[in-house]
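Some notes on the structure that comes next.
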Amino acid sequence: MDDAYLHELLTGLARAHRVPGAQLVVRSAGRWAGAVTGTTAVDGGGPVERDSAFPVSSLTKPFTAALVLMLAADGDLDLDEPVTDQLPEAGLESKATLRQLLSHTGGLAANLPEEDGHPDDLARWVAKSARRLTPVAEPGAAFSYSNVGYVLAGRLVERTTGMSWARAMEVMLLRPLGLPPGSAPGGGRPPVPGHLVRRSDGLVVP
């Protein structure tokens, strides 16, 4: 496997799935190969480069879970205590545990209410909005993918460490793993804009 092969593969996949631009890196048998293709935006933008910063979006969840497990291993968080006891300002009626939040079995809604916007300030969002959450299932009764659950887990990281979630991510996890500080959300160069292909009409939209 080499760069030329990966470039051909990635370009074909991007064209087939209507992805404006992409990066791919593969490590096999101790060797690295990489490729880039396309542009950084739906409407053109610049060419994707090897150091273009793509947002990892929900792939932050495993990193958040790792932070929580580190804190639990140190005895700073309890995976099986109701989150409402560890985060009283949330005012949750749910008795979901941190373990259930991390495994998407806490019975919480999938997404944040649209009117709340993106929770850049987790403390403010939790104090203002968490108590308005309506459970979709009893804790432990069903799997329900939940961004909300990870917002609460992120706030618990902040409350426990005294750092912002992004700072705790950088200091406790990314730096020890040898990842650059810009890997932390909100750091480094501006990320490539996101897009989606709507199933209903096939349009590619920001």
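Because only heavy atoms are used, hydrogens play no part in the values below, and waters and symmetry mates are left out as well, while side chains stay in.
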Which distance, rounded to the nearest 0.5 Å, do you find between the [atom1] of [X] and the [atom2] of [Y]?
| X | Y | atom1 | atom2 | answer |
| --- | --- | --- | --- | --- |
| H7 | D2 | NE2 | CG | 12.0 Å |
| L98 | L77 | CG | CG | 6.0 Å |
| L67 | W165 | CG | CH2 | 8.5 Å |

Tell me, do [X] and [Y] make a side-chain contact under 4.5 Å, heavy atoms counted?
| X | Y | value |
| --- | --- | --- |
| P82 | L92 | no |
| L87 | R159 | yes |
| L71 | T161 | yes |

Tabulate below the donor-acceptor pairs under 3.5 Å that side-chain atoms of residues 20-41 make, not counting sequence neighbours, or state none.
{"residue": "Q23", "atom": "NE2", "partner": "E49", "partner atom": "O", "Å": "3.0"}
{"residue": "Q23", "atom": "NE2", "partner": "R50", "partner atom": "O", "Å": "3.3"}
{"residue": "Q23", "atom": "NE2", "partner": "S52", "partner atom": "O", "Å": "2.8"}
{"residue": "T37", "atom": "OG1", "partner": "T11", "partner atom": "OG1", "Å": "3.0"}
{"residue": "T39", "atom": "OG1", "partner": "A41", "partner atom": "O", "Å": "3.2"}
{"residue": "T39", "atom": "OG1", "partner": "G44", "partner atom": "O", "Å": "2.9"}
{"residue": "T40", "atom": "OG1", "partner": "G46", "partner atom": "N", "Å": "3.2"}
{"residue": "T40", "atom": "OG1", "partner": "G46", "partner atom": "O", "Å": "3.3"}

Quick check: does any side chain N or O of [X] sit under 3.5 Å from a backbone N or O of [Y], one acting as donor and the other as acceptor?
| X | Y | answer |
| --- | --- | --- |
| T160 | V157 | no |
| Q86 | D78 | yes |
| E170 | R175 | no |

| Residue pairs involving residues 90-107 (criterion salt bridge (Lys or Arg N to Asp or Glu O under 4.0 Å); sequence neighbours excluded) | D80-R99

| T64 and K61: side-chain hydrogen bond (donor to acceptor under 3.5 Å, both in side chains), yes or no, with the steps? | CA-CA 5 Å; T64 299; K61 289 185 175 69; over 6 Å; no

| By salt bridge (Lys or Arg N to Asp or Glu O under 4.0 Å) - contacts of D74 (at least two apart) | none

| task | Could you tell me which residues satisfy salt bridge (Lys or Arg N to Asp or Glu O under 4.0 Å) with R124, sequence neighbours excluded, listed by chain and number? | result | D121

| task | Tell me whether L122 is reachable from V68 by hopping between hydrophobic residues (I, L, V, M, F, W, Y) whose side-chain heavy atoms are closer than 4.5 Å. | result | yes

| Would M169 and M172 show up in the same hydrophobic cluster when neighbours are defined by side-chain heavy atoms closer than 4.5 Å? | yes

| message | Walk me through whether E81 and T97 qualify under side-chain contact (heavy atoms from CB on, under 4.5 Å). | response | CA-CA 5 Å; E81 181 183 353; T97 65; over 6 Å; no

| Going by the ring pair (Phe, Tyr, Trp, His ring centres under 6.0 Å) test, which pairs reach into residues 77-96, not counting sequence neighbours? | none

| query | Is there any ring pair (Phe, Tyr, Trp, His ring centres under 6.0 Å) pair reaching into residues 42-93, and which pairs are they, with sequence neighbours excluded? | reply | none

| request: Measure across A66 and L173 and return the closest heavy-atom pair with its distance rounded to 0.1 Å. | output: CB-CD2, 4.1 Å

| remark: Residues passing the side chain to side chain contact (heavy atoms under 4.5 Å, CB included) test with P139, sequence neighbours excluded, are S94, A96, Q100

Output all residues satisfying side chain to side chain donor-acceptor pair (under 3.5 Å) with [X], sequence neighbours left out; order by chain, then residue number.
| X | answer |
| --- | --- |
| S144 | none |
| E8 | none |
| S103 | T105 |

| said: For Y145, give me all partners under ring pair (Phe, Tyr, Trp, His ring centres under 6.0 Å), at least two apart in sequence or on another chain. | reply: H104

Using residues 149-156 as the side-chain source, report each donor-acceptor pair under 3.5 Å to any protein atom, sequence neighbours left out, with the distance given to one decimal.
{"residue": "Y150", "atom": "OH", "partner": "L102", "partner atom": "O", "Å": "2.7"}
{"residue": "R155", "atom": "NH1", "partner": "E158", "partner atom": "OE1", "Å": "3.2"}

